[in-house]
Every structure is written in C-alpha cells, then in structure tokens.
Amino acid sequence: MNICNGKLLKKNYLLYKQPKLLLLNRLLPYKKTGYFLLYFLFVISLAKAEDGYRLWLRYDLVNDNALLKQYRSSIQAININGNTSTVAALQKELNTGLQGLLGESISNISQPANNSIVAGTPATMKDIKAMVGADALNTCGSEGFIIKTVHFNNKNIIVIAGNTDVAVLYGGYHFLRLLQTHQHIQDLNITSVPKVKLRVLDHWDNLNRTVERGYAGISIFDWQTLPDYLDKHYTDYARANASIGINGSVLNNVNASALILTPAYLEKAAALANVFRPYGIKVYLSIKFSSPIETGGLKTADPLDKAVQEWWKKKADTIYQYIPDFGGFLVKANSEGQPGPQNYGRTHADGANMLADALTPHNGVVMWRAFVYSESDEDRFKQAYNEFKPLDGKFRSNVLVQVKNGPIDFQPREPFHPLFGAMPQTPLMLEFQLTQEYLGFATHLVFLSTLFKECLTADTYEKGAGSTVATIVDGSVENHALSGMAGVANIGNSINWTGHPFGQANWYAFGRLAWNHELNSAQIADEWIQQTFTNNPAFLDTVKTMMLLSHEILVDYMTPLGLHHIMGYGHHYGPAPWYDKGARADWNPVYFHRADAMGIGFNRTATGSNALAQYAPEVQAMYKDSNTCPDKYLLWFHHVSWNHKMHSGRTLWEELCYKYYTGADSVSWMQHAWNNMKGKIDEERFEHVKMLLAIQHKEAVWWRNACVLYFQTFSHQPIPEGYEQPEHLLAYYESLEFPFAPGH
Ligand code: GCV
C-alpha cells in the first residue's frame with residue numbers, strides 16, 4: 001500500500017475530515033475482506049495530523065512492498081532484558097516504531113529467537129559479547145553501539161549492543177532510522193561511537209517563558225506548572241534528542257536569572273531531569289555570576305573571596321541533592337553587561353575555576369563562554385582571542401571554554417573563530433546557533449548543516465595541515481579528555497517545535513554532526529527528508545537540492561562577499577546597513593561594512609586591525625591578499641575598491657549586485673521547485689512551507705533592494721543593465737521600523 005501516492009493521501013485526507021459514523025460505514029466493507037486491520041492502521045497513520053509535531057520520529061508504514069516483506073520476515077519479535085527506565089524507553093520506542101513501520105505489532109520475548117531483534121548490554125544479555133565480539137564492544141565506550149546481523153545458535157538475529165543501556169537506546173534509534181530511510185537490513189554491521197562527549201542544546205529560555213532570539217513560540221519549559229505537571233513535550237523532546245544523540249540540555253538563558261539556583265527552581269529543574277534521564281540527557285543550568293549577592297546575601301561575588309567560594313560549594317552540594325547526575329554550569333560572564341570575575345579585577349580563569357572546584361566532587365563541568373567584547377577601540381573580531389589566549393593552560397580540567405563558530409556573532413557566514421587552534425591546553429567547546437537570529441528568523445528556509453560543515457572542516461593548522469576545527473573540538477588533536485558541541489536551540493511551543501517545518505532539519509543536523517562530524521550534509525538532508533516527509537525519490541532529489549543550496553542562497557541575498565552584521569539594530573530583522581545610531585560603535589552595521597567612496601569592507605590585514613594575525617600563518621596566507629582571498633571572505637578581511645576585479649571578471653560593485661539579484665532570484669527558484677512537489681506530501685505541510693517561501697521571497701527582494709540602493713550611495717554606479725530596478729527609493733527602506741520583531 002503506497003501511502004505517498006497522491007491519490008491515496010487525498011482520499012484519506014477526506015476520510016479524516018468525515019464525521020466518525022461516515023468513517024465507520026466506509027470501513028465496514030473492509031471487515032468482510034479481512035483487510036480491516038491493515039486498513040485501520042493505515043487510516044490511523046494518516047489521520048494523525050501532519051502538523052510536524054512528530055518531527056522525524058513518524059514511523060509511518062513502509063510503502064515499499066518488497067522491503068516491507070523483508071522487514072517483516074526479519075523482525076518478528078524483540079528480546080530486551082533489564083528493568084531500568086532506559087530499557088523501558090527503548091522497549092516502548094521499538095514497539096511503537098516497529099508497529100508503525102511494519103503495520104503489525106511485534107511481540108516481546110524473553111530469549112533470543114529466530115528472526116528477532118536482541119538488544120542489550122553484556123550485563124543484561126549473557127550472549128551479547130559472543131554475538132558481536134568482546135573486542136568490538138571494547139571500542140564502543142559508554143555511548144557507542146553496534147548493530148549487527150548475526151547467525152547465532154542457528155538463529156538469525158539482529159543485535160543491538162552497547163556497554164550501557166543508553167548506548168543500546170542510541171542503537172535502537174539508529175535501527176529505526178535505518179528502517180525509516182529504507183535501508184536493507186540483511187547484512188548489517190554497524191559500529192557507531194560519538195566523536196564528541198558533550199552534545200548539548202543551549203536554551204536561551206527565560207523563566208517567564210519568553211525565549212531570547214526564539215521564533216517558535218514561547219519556551220517549552222513551563223516553569224509555572226513544574227514540578228507537578230509534566231507536559232508531554234518534555235518526553236517527546238527527550239525522545240527527539242536521544243534519537244540524534246544529544247545528551248545534554250541547558251534549560252535556561254545564558255543571560256541568566258539568579259533565581260534559577262533557588263530551591264523552588266531547582267525542584268522544577270529536577271522534575272525535568274527525571275523525565276530526561278531515561279533518554280541519556282543530563283540537565284545543565286546557566287548561572288548568573290553575581291548569584292551569591294543576588295540570592296545569597298553576600299556583599300561580593302569575587303571568585304577569590306573565601307565566603308563566595310564556600311557559597312558556590314554549598315550551592316553545588318544542594319543542586320546535586322536535587323539532581324544527582326547534574327551536568328554542570330554554563331556561564332556568560334563579563335559579556336554584554338553580564339557580571340563576571342573582571343568586576344573584581346579577576347580573570348575568566350579565576351571565575352571558571354572557582355565554579356569548577358565547587359563541581360569537582362560531583363563530576364560536574366563548567367562551560368565558560370568566550371563570547372566577550374567590550375566597548376573599546378580594538379576590532380571586536382579580536383577581543384575574545386585577546387582575552388582568552390593568554391589564559392590557555394590556566395583552567396581546571398573540568399572547564400571547557402565555549403567558543404562560537406565565528407569571531408563576531410552567528411552571522412550568515414563567518415570565518416572560523418581564531419581561538420580554534422590557539423588554545424591547545426584547553427578543551428574548546430564549539431557553539432553553533434540553530435535559532436535563526438541573523439538568518440531570517442523562522443520564516444526563511446535555510447539548512448544550516450552546510451554552515452556547520454564549513455566551520456568544522458576549516459583547517460586551523462594548529463599542528464600542521466589537518467587540524468580542522470572538528471578535530472580540535474573533538475579533542476583528538478590534543479588528546480583532551482573532555483570535548484563538547486553546543487547548539488543554541490530553535491525550539492519553542494509551536495506545534496511543530498521550530499516554527500518553520502525545515503527548522504527541524506537544523507536541530508536534526510546539529511545532533512547528527514555532534515555525534516559524527518564526518519557525516520556530510522547531503523547524507524543528513526537525505527535522512528531527515530525521508531524520515532520527516534517521504535521516501536519518494538522525486539521529492540527527495542528536489543528538496544535535498546533546495547536544502548543544500550539554501551544557505552548559499554541566503555548569504556547571497558543578505559550578506560554576500562563577506563559582508564556581516566548589517567541587520568536591523570537590536571532585533572536583527574531585515575536589512576539596515578545604514579544604521580549608525582547604536583550606543584556603541586560595534587553595535588552598528590556601518591562599523592562592520594565600512595563602505596565609503598573608495599570601496600567597502602573591513603581591513604583586517606596588517607594595514608588594518610590585523611585580526612588576521614590571530615590565525616596560523618597558513619590561514620593568513622589564504623586570506624591576506626585581496627586578489628587571492630576567496631570571494632566569500634573578501635569583505636571580512638579587506639576594504640576593496642568598488643572597481644576591484646573579482647575572480648569572475650566582474651568589478652566588486654557588479655559582483656555585489658549580481659549576488660544580491662541572484663540570491664533573490666534563487667528564492668523564486670526554490671518556490672518553483674517546491675510548488676512542483678504538490679501532491680507528493682501532505683497538504684498541510686506543503687501549504688505551510690509554500691506560504692513561508694513566499695515570505696522569504698518578499699524579504700529576499702527587500703534585502704536586495706535596500707542593500708543595493710544603500711551601497712550605491714557610495715559606489716555611485718548604476719545597477720547593471722538587465723536587473724529590475726528596486727520598487728522603492730532608499731528612504732522608504734530606511735524608514736521601516738519593527739518595534740515588535742520577535743525574540744528581542
Ligand atoms: C543571549 C548575541 C545575541 C544575544 C545573545 C548573545 C550571546 O549578542 O544577540 O541575544 O544573548 O549573542 O550569545 O550571549
């Protein structure tokens with residue numbers, strides 16, 4: 001039965017709309033033919049609202065008959081032993097998933113049988129080592145898993161093995177992914193071990209449920225009704241995270257309220273930790289450095305003060321009474337007005353180490369953010385490096401310094417942060433932003449995997465060629481015991497979690513890359529589309545192409561050729577390259593693009609701010625000459641004349657126009673491509689994306705017109721022939737205001 005066939009979808013969509021009785025009448029004839037059960041399951045699966053809530057864990061009936069037959073014959077029962085909550089979660093997920101995918105319920109058995117799945121650890125299954133090999137399990141650590149088709153004691157078995165229950169849970173999710181993406185399962189031999197230890201979502205969620213830079217509704221964490229009411233979102237959030245290997249969640253905004261560490265909130269956080277624990281997810285909290293003053297009644301928060309140190313130690317002890325496996329603290333200090341050790345003349349290391357000492361007895365970690373910049377004449381690009389590099393080697397072993405992917409602030413495109421490769425003695429945790437603060441909010445379709453990969457594969461040359469950001473972050477270059485990757489979540493209480501249905505793909509891609517940064521974006525897109533929408537090859541090809549091009553398209557219509565931070569002031573919505581009224585120079589777009597009669601761009605070479613000197617000589621060599629610097633980073637590092645010859649042969653001005661116009665046109669192409677997908681998926685999500693693409697197109701044209709008109713006031717050159725003229729004058733674009741832009 002082909003559920004992706006447009007006709008059937010339509011028919012059942014109508015059925016879904018029928019009153020119940022009519023539905024029953026329609027079903028009656030099927031009873032006679034014996035197909036009732038199958039048809040019933042089919043209808044149930046279609047009757048589920050396609051509102052995106054199920055994310056990539058949809059488990060709809062496999063619509064390839066040959067595969068379905070293969071799956072049904074190889075999976076006739078499940079044998080899982082153990083009585084932990086993680087085992088129960090795995091059992092439930094496999095039962096639900098397989099029932100949906102195979103259209104029949106699978107029995108649970110207590111011994112391995114022919115054509116069964118056997119899932120467990122050496123502690124819960126006596127034969128597991130013999131089935132997969134003890135040596136193989138030794139390579140898995142505490143989270144890696146093996147999925148293997150074996151012939152054991154004359155039985156054909158699919159083994160899902162790991163050294164811990166959580167590892168087996170990860171294996172279970174991977175197995176379901178194999179089925180959802182229609183892989184053959186006769187000859188499986190998969191070993192998968194995460195490359196990074198801490199794979200964490202950072203929520204910028206406030207205790208009043210507003211979300212800083214959140215565009216998908218309010219926070220899913222309802223602090224008001226916690227700890228007594230446990231919303232269904234919490235379990236489904238944990239399931240989704242576990243399915244992609246995310247093992248940590250920072251519940252609250254880095255611009256933290258001190259209240260989070262008070263008993264009332266710790267009790268609430270503990271309730272969430274209890275829900276997440278079976279899924280291998282640890283809870284972390286963002287803390288406010290001045291908490292000892294704000295809620296502890298102390299006069300200072302000086303990290304070298306004995307009473308302050310004692311206060312944090314006691315606080316840590318209390319937290320662990322509530323949450324025995326608490327992960328640790330995330331800290332934004334001396335950044336954008338947040339208090340920190342520098343308020344007392346101390347360093348970031350002094351602050352981080354004080355907290356680390358309080359957490360050490362409990363095995364907690366400190367994730368200390370390097371996103372710092374202050375009002376100064378120094379190029380903002382350089383400030384984090386200047387502050388943190390001298391501290392390399394001064395942090396306790398349970399501190400990670402958390403560094404954003406680029407030196408400024410989650411721009412549509414940034415070169416990698418120069419701290420990667422510059423702090424060999426410190427584990428550096430990479431921070432990506434999934435929420436699209438600078439990338440069109442939740443209305444622009446942008447698949448961020450390609451942005452993530454651009455950063456991960458960049459070579460820092462810390463130890464010669466091949467010391468990529470990814471290998472610095474996973475700890476392999478310096479053999480660090482700790483490693484981590486964080487993603488600023490794009491989740492809210494929108495029915496589909498992320499606002500834009502394709503925002504889910506960024507959550508998915510982050511998790512998959514944190515687990516294995518060697519995956520490529522095409523693979524990730526492929527998996528996500530198949531699980532989230534359909535396995536239909538025409539849909540898959542078209543939508544994958546759209547996704548893979550989407551980031552470059554956005555860069556073209558927003559910030560081509562290395563432009564950055566030219567968004568609306570404060571809320572970062574829409575273009576405002578003209579803005580120069582911000583309280584601080586480095587909050588103004590004009591600070592970043594530096595357009596003048598001569599040209600445009602920020603000179604960061606030796607004749608300018610010399611930020612380039614923060615990179616290894618090999619990286620400097622790639623970027624230091626404006627004639628050889630890759631176009632995509634040109635204006636990040638050079639102030640170049642409007643008539644500068646680009647690699648294409650066009651002048652800089654012509655190239656800038658070309659990029660802006662191509663970017664906006666490419667969104668029309670995405671619209672066209674999407675429209676051709678009508679009927680290949682459900683109407684609900686098709687229409688949703690269609691409407692959002694229309695907004696994206698409108699906004700891409702707005703970006704193009706506003707930017708080209710504004711930069712033209714410096715270049716004094718015409719918009720090249722053949723391009724349509726902007727609809728309005730520059731003054732119109734400059735006059736637009738958005739006092740209620742979300743997330744601000
Ligand atoms: C949470 C940018 C954002 C802020 C954010 C900050 C940070 O400046 O605009 O909203 O604050 O980054 O990462 O701390």
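Side-chain atoms are counted along with the backbone in the values below, which use heavy atoms only and exclude waters and symmetry mates. Indexing begins at 1, ligand by ligand and atom by atom, following the structure's order.
- If you check which protein heavy atom lies closest to atom 14 (O) of ligand 1, you get K332 NZ, 2.6 Å.
- When only non-hydrogen protein atoms are considered, atom 8 (O) of ligand 1 lies nearest to E336 OE2, 2.7 Å.
- Of all atoms in ligand 1, numbered sequentially from 1 with element shown, those under 4.0 Å from a heavy atom of F371 are 6 (C), 7 (C), 8 (O), 12 (O), 13 (O), 14 (O).
- Counted by atom type alone, N490 and T435 present zero donor-acceptor pairs between their side chains at under 3.5 Å.
- The minimum heavy-atom distance between N255 and K332, with the atom names listed, is OD1-NZ, 2.9 Å.
- What you find for Y215 and P742 is that their closest heavy atoms are CE2-O, 3.4 Å.
- For K404, the heavy-atom gap to ligand 1 drops under 4.0 angstrom.
- For the atom pair CD (E437) and CZ (R213), the distance works out to 4.0 Å, reported to the nearest 0.5 Å.
- Residue W204 has no N or O atom closer than 3.5 Å to an N or O atom of ligand 1.
- Below 3.5 Å of separation, one finds an N or O of D409 facing an N or O of ligand 1.
- Taking both residues in full, the closest heavy atoms of F447 and M547 are given as CB-O, 3.3 Å, listed atom of the first, atom of the second, then distance.
- Between S286 and V250, the closest heavy-atom pair is OG-CG1, 3.4 Å.
- The distance from ligand 1 to the heavy atoms of H572 drops below 4.0 Å at these ligand atoms: 9 (O).
- Counting protein heavy atoms only, atom 9 (O) of ligand 1 is closest to E437 OE2, 2.5 Å.
- Taking atom 4 (C) of ligand 1 as the reference point, the nearest protein heavy-atom neighbour is E212 OE2, 3.4 Å.
- Contact detail for I260 and Y265: the closest heavy-atom pair is O-CB, 3.5 Å.
- Geometrically, ligand 1 and E431 share no nitrogen or oxygen pair separated by less than 3.5 Å.
- For N253, no nitrogen or oxygen atom sits less than 3.5 Å from a nitrogen or oxygen atom of ligand 1, counting backbone and side chain alike.
- Of the candidates N255, V488, V372, the one placing a heavy atom closest to atom 1 (C) of ligand 1 is N255.
- Checked for salt-bridge contact, R413 and E454 meet the test: a charged N lies under 4.0 Å from a carboxylate O.
- For the 3.5 Å distance criterion, the side chains of Y557 and H444 qualify, holding a donor opposite an acceptor.
- Those atoms of ligand 1 that come under 4.0 Å of a heavy atom in V254, given as number and element, are 1 (C), 14 (O).
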